[in-house]
Amino acid sequence: MQALYRRYRPKTFEDVVGQETTITALKNQIREDRIHHAYIFSGTRGTGKTSVAKIFARAVNCLHPVDASPCNTCDVCRGILDETLFDVMEIDAASNNSVDDIREIRENVAYPPAMARKKVYIIDEVHMLSKGAFNALLKMLEEPPSHALFILATTEPEKIPATILSRSQHFTFLRLRDEEIKGELADILEKEGRAFTDDALSMIAAHSDGSMRDALSILDQMMSFSEDMIDGEVVRESLGLTDHEGIFRIVDGILARDPVPMMDAIELAYRHGKNFQLLLDSLITYFRDLLFYRYAEEVPSRFTEGEGETFVDQAKAMPESLAFDCIDVLQKGRENFKYTRHAKTAVEILLLKTLHLQDVEISREVGAPVAPREEHPRERPKKREVARNDDAARTDGEASRKTPKKETPAEVPPLSDEGDHAIIKDDTVDEETWQAFISKVQTKSVACAALLKDAARTSMNNQTLCIMYEPSFGFHLKMLKTDDNRRVLDEAVRDALGDGWSVVVKENEEADDPVLESMKRVFKDTPIETD
C-alpha cells in the first residue's frame, strides 16, 4: 500500500490546500489562454510545488478541462498520470544537474509534442543546477519554442540567477497554517475510517512545520502505531514528545526557583525515552507563548481547558525579562546540543542555569560559569579591581576554594582632573532614561527590544545615544543595523528623549571606554586589570 502523502496527492486545483492566491492566478491564465513559457514555484518542503506543477501540466493539455482543472479521464490526462506520455517530463536537478543534462533537453525541446498541446518540463530542485547548466537553460528561456513550457520548482529561490528569474513568472508557496493541516488530516482519517482526537491533530500540525507532506508522514506513522483511537498520548509516545504536564512542572520550578519539580520532570522524560531536543524546542515554544499571551491574551489551541488555566496562571506569574532570558539560555543550549553525548545531563545543567536568571547574569557561552549580575546590567566593564566581597563574586563552582583577598590601597588619590570627574559622572545613561527608551522600542518591536538587553555599555553625548556590544555579539550588531531596526531605534530615541536625538550602535572597544581611560589617568599608580 502506498504512503498517505502519495495516495492523497491532490489531483485537481480544488484539492490543493492553502495556496489559494497561486491557484487562482494559474486558473485564470488557463481560462484566458495566456500561458507563460516559464514558471518558478518556490517555497518550503511539502507545500505543494511539485503537485501543482503536475496539475498545471495536465490542465494546460487536458482535452476536456473542468473549470480550468484537468478532467483526469481523457487520454492525455491518463498518460500524464501514468507517466507514459513523454510530452510531460519531470527532472530531478539534484541528480541531473550537469550542463549535458540540460543540453539534452535543449535538443529534444525543438520537436513538437506527440499528443499534448504543450511539451512540459518540470525541473525539481532547480537551484541545484551547475553554472553551466543554468547558462544552457537560460538560452532556452531566451528563445523558447511556442509549444514549450518550463516549470522550475525550488526551495531556495535566492540561488537562481537573476537572468532566469527575470524570464519567469514567480509564484511563492506559503507554509500551511495549523488549522488548514488539521482540516485535511481530519478528512483523510474519516475516509480511512479511523477515530481521532483534536489534540492529536493539533500536535501533528504543530510538529509538521507547515508542511502537508510531513504531516501526512507523521499521521501514517500514528496509524501504524495505534489500531484504535489516535489521541494525544499516541502522538506523544510515538514522537517522543514531552507531555504538557512535564513542561508545566519545569516552568513551575523556574518560577519558584526550586530544582526538585524540574529534575523530576527530566527524570520521568528520560525513563520514557523522550527526545530531549524536542523537549528544548517545546520549552522555547512555551516561553514564546507565555510572552505573546501578555499582548494577545490568547491561549494556544493545543491545551485543554484545565491546561489552559495552568498556562494563564504561569503567563501572569512570569516576568517578561525572565521569559526572554530563558529563551536566550535554552536557544544557545539547543544550538550546541548536537555536540553533546550526554543529552540528559546537558538539559539538566541548562535548566539549573535558569534558576539563577533572576539574580545573576548567565554567561554568554553555554557551559561557562555564571557571573554576578551588576547593579547596572548594561554597563559591564571587563574586570574591576576595586574593593569588593570575594564570597559574593565567587561562582558556585569556586565556593569551595579559598583565595586571599586583594588588599586595597590605604589611600585613594583624590580626583585631580575636573574633566575626568565629569566623564565618570555624566557620560553613562541613568536607569530611568534607559528603561524609558527600552519601553518605546518595545512598543514598536519586541524582537528589537530583546536585542538591547545584551548591550555591554551605553553613553550619552551631544544628543547621541551610543549603544555598545562586546565583540562576541556580532549578531546583535548586525541585526540592529538593519533598515527596519534602525528606523525603530531612531523613532524610539526621539519619542523618549526628544527631537534631534540619534542612536549609534557599535562594538565596545576598550580604547573607546571613557570611564576606563579616566580611571587609568586618576589611579596612575594602581594597576587596573581587564579580562
Side-chain angles (χ1 to χ4, degrees), residues 284 287-288 290-295 318-332 335 353-354 356-366 370-382 426-510 512-515:
I284 293 170
F287 279 110
R288 174 261 187 199
L290 293 175
L291 284 171
F292 272 76
Y293 181 82
R294 301 173 67 91
Y295 301 95
M318 176 68 65
E320 186 173 347
S321 59
L322 177 59
F324 277 121
D325 287 341
C326 286
I327 291 175
D328 190 38
V329 171
L330 295 173
Q331 185 64 46
K332 289 177 181 177
E335 291 171 359
K353 285 184 176 183
T354 63
H356 300 278
L357 286 173
Q358 299 181 57
D359 60 350
V360 299
E361 181 71 17
I362 290 298
S363 174
R364 297 308 172 195
E365 193 169 358
V366 174
V370 295
R373 184 186 295 274
E374 298 172 5
E375 183 179 355
H376 298 289
R378 63 183 181 279
E379 302 172 10
R380 300 189 186 102
K382 294 185 176 181
D426 299 329
D427 195 41
T428 58
V429 183
D430 61 88
E431 187 68 21
E432 183 179 353
T433 301
W434 178 251
Q435 291 302 326
F437 172 67
I438 291 289
S439 298
K440 294 296 183 181
V441 173
Q442 190 166 327
T443 60
K444 303 175 186 298
S445 172
V446 175
C448 185
L451 295 171
L452 294 177
K453 70 183 180 64
D454 290 321
R457 190 164 61 85
T458 59
S459 65
M460 297 170 61
N461 190 23
N462 296 328
Q463 287 194 308
T464 299
L465 173 61
C466 185
I467 305 172
M468 286 158 277
Y469 287 84
E470 297 297 344
S472 59
F473 286 79
F475 173 78
H476 292 60
L477 286 168
K478 180 180 178 181
M479 292 302 298
L480 288 175
K481 290 181 180 179
T482 61
D483 293 341
D484 290 341
N485 285 335
R486 286 295 313 170
R487 183 171 59 255
V488 168
L489 295 177
D490 290 339
E491 293 176 356
V493 75
R494 289 194 293 269
D495 292 345
L497 302 179
D499 294 337
W501 279 85
S502 61
V503 176
V504 173
V505 181
K506 66 178 185 176
E507 184 175 302
N508 183 29
E509 299 177 358
E510 182 178 334
D512 294 335
D513 190 345
V515 176

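Quick note: numbers below take in every heavy atom, side chains included, and nothing from hydrogens, waters or symmetry partners. These numbers were taken from a predicted model, which means no experiment stands behind them.
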> Who are the salt bridge (Lys or Arg N to Asp or Glu O under 4.0 Å) partners of Arg486, not counting sequence neighbours?
Asp490
> Who pairs with Leu497 by side chain to side chain contact (heavy atoms under 4.5 Å, CB included), at least two apart in sequence or on another chain?
Thr433, Met460, Val493, Trp501
> Around atom CZ of Phe324, are there more than 12 heavy atoms of other residues, nucleotides or ligands at under 6.0 Å?
yes
> List in chain and number order the residues that pass ring pair (Phe, Tyr, Trp, His ring centres under 6.0 Å) with Phe437, two or more places apart in sequence or in another chain; answer none if no residue qualifies.
Trp434
> Decide if atom NZ of Lys481 counts as having more than 12 heavy atoms of other residues, nucleotides or ligands within a radius under 6.0 Å.
yes
> Kindly give the heavy-atom pair with the smallest separation between Tyr469 and Leu452, and that separation in Å.
OH-CA, 3.3 Å
> Quick one: does any side-chain atom of Asn462 pair with a main-chain N or O of Thr464 as donor and acceptor, under 3.5 Å?
no
> Please report the closest heavy-atom contact between Asp499 and Gln463, naming both atoms and the distance.
O-NE2, 3.9 Å
> Just distance, no hydrogens or angles: give the donor-acceptor pairs under 3.5 Å from side chains in residues 438-450, sequence neighbours left out.
{"from": "Ser439", "atom 1": "OG", "to": "Gln435", "atom 2": "O", "distance (Å)": "2.9"}
{"from": "Gln442", "atom 1": "NE2", "to": "Tyr295", "atom 2": "OH", "distance (Å)": "2.6"}
{"from": "Gln442", "atom 1": "NE2", "to": "Glu320", "atom 2": "OE1", "distance (Å)": "3.2"}
{"from": "Gln442", "atom 1": "NE2", "to": "Glu320", "atom 2": "OE2", "distance (Å)": "2.5"}
{"from": "Thr443", "atom 1": "OG1", "to": "Lys440", "atom 2": "O", "distance (Å)": "2.6"}
{"from": "Lys444", "atom 1": "NZ", "to": "Asp495", "atom 2": "OD2", "distance (Å)": "3.2"}
{"from": "Ser445", "atom 1": "OG", "to": "Cys448", "atom 2": "N", "distance (Å)": "3.1"}

> Can you tell me how far the CG atom of Leu477 sits from the OG1 atom of Thr482, to the nearest 0.5 Å?
11.5 Å
> Of all residues at least two apart in sequence or in a different chain, which pass the salt bridge (Lys or Arg N to Asp or Glu O under 4.0 Å) check with Arg487?
Asp484
> Could you tell me the separation between the CD atom of Gln331 and the CD1 atom of Ile284, rounded to the nearest 0.5 Å?
4.5 Å
> For Tyr293, check ring pair (Phe, Tyr, Trp, His ring centres under 6.0 Å) against everything at least two apart and list the hits.
Phe311
> Go through the structure and list residues passing side chain to side chain donor-acceptor pair (under 3.5 Å) with Arg288, not counting sequence neighbours.
none
> If you define the side chain from C-beta out and look only at heavy atoms, does anything of Leu489 sit under 4.5 Å from Leu465?
no
> So, do Leu322 and Thr354 sit near enough that their side-chain heavy atoms are less than 4.5 Å apart?
no
> Is the closest side-chain heavy-atom distance between Leu451 and Asn485 below 4.5 Å?
yes
